[in-house]
Amino acid sequence: MHIGVCKIKLYLPESQSLKEKRRVIKSIIARLKNRFNVAIAEIEAQDVHQSAVLGAVTVANEVKFVDKILAQCVKFIEENSSVVLIDYETEFFF
């Protein structure tokens, strides 16, 4: 069993309130869950209206597959026009 964890730091330049931020983040989370079948949640900076930190986790029998899924998640977020990807870290557990 291989577990991949990705911590994704985002900047939301157009967000003027927590309500706007949560709308954008909930949309991203829902689309990532549906498209890539990952467990994902906002894990830090919940009360900052222009920043968000997401944690994504996936499990598979091959580390290549885990890495591929998490890389696709990061690419999907990069292509989203409403947020700016600041940084991300990926860790693997065996």
Side-chain angles (χ1 to χ4, degrees):
M1 175 173 63
H2 301 282
I3 303 166
V5 178
C6 189
K7 184 176 180 179
I8 305 163
K9 297 178 183 178
L10 304 173
Y11 173 64
L12 294 85
E14 297 174 10
S15 176
Q16 299 300 317
S17 68
L18 289 175
K19 188 175 182 179
E20 285 181 43
K21 172 194 171 179
R22 290 196 176 107
R23 180 185 53 80
V24 171
I25 295 301
K26 279 186 170 188
S27 172
I28 291 171
I29 287 173
R31 289 185 288 160
L32 286 169
K33 282 181 180 180
N34 290 335
R35 184 171 292 189
F36 302 109
N37 195 24
V38 294
I40 186 165
E42 185 177 6
I43 57 172
E44 292 177 20
Q46 285 97 341
D47 294 331
V48 181
H49 71 274
Q50 288 191 323
S51 292
V53 180
L54 303 179
V57 180
T58 190
V59 177
N61 60 347
E62 292 183 20
V63 72
K64 285 182 184 180
F65 184 72
V66 171
D67 186 36
K68 179 182 171 185
I69 294 296
L70 293 176
Q72 288 175 338
C73 288
V74 170
K75 184 178 178 183
F76 178 83
I77 291 172
E78 281 180 321
E79 294 170 352
N80 187 326
S81 61
S82 61
V83 298
V84 177
L85 179 69
I86 300 297
D87 191 23
Y88 70 95
E89 304 172 18
T90 305
E91 291 184 58
F92 301 97
F93 302 93
F94 307 99

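Positions are given from 1 along the sequence.
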Chemist: Taking atom CZ of R35 and atom CZ of R31, what is their separation to the nearest 0.5 Å?
Modeler: 7.5 Å

Chemist: Give me the other members of the hydrophobic cluster that V53 sits in, counting Ile, Leu, Val, Met, Phe, Trp and Tyr linked by side-chain heavy atoms under 4.5 Å, directly or via other members.
Modeler: I43

Chemist: To the closest 0.5 Å, what do you measure between OG (S82) and CZ (R23)?
Modeler: 7.5 Å

Chemist: How far does NE2 of H2 sit from CG of N61, to the nearest 0.5 angstrom?
Modeler: 7.0 Å

Chemist: Please go through I86's hydrophobic cluster and name the other residues, only I, L, V, M, F, W, Y counting, with side-chain heavy atoms under 4.5 Å joining them.
Modeler: Y11, V84

Chemist: Filter on salt bridge (charged side-chain N to carboxylate O under 4.0 Å, His left out), then keep only pairs touching residues 63-88, sequence neighbours left out; what's left?
Modeler: none

Chemist: Once side chain to side chain donor-acceptor pair (under 3.5 Å) is applied, what residue pairs with a partner in residues 42-60 remain, sequence neighbours excluded?
Modeler: K7-E44, K21-E42

Chemist: Kindly give the cluster partners of L10, where membership spreads through any ILVMFWY side chain lying under 4.5 Å from a current member.
Modeler: I8, L12, V24, I25, I28, I29, L32, F36, V38, I40, L54, F65, I69, V74, F76, I77, V83, L85, Y88

Chemist: Holding to side-chain hydrogen bond (donor to acceptor under 3.5 Å, both in side chains), I want the full list of residues that pass it with T90, two or more places apart in sequence or in another chain.
Modeler: none

Chemist: With the 4.5 Å side-chain cut-off for hydrophobic clustering, are V59 and F94 part of the same group?
Modeler: no

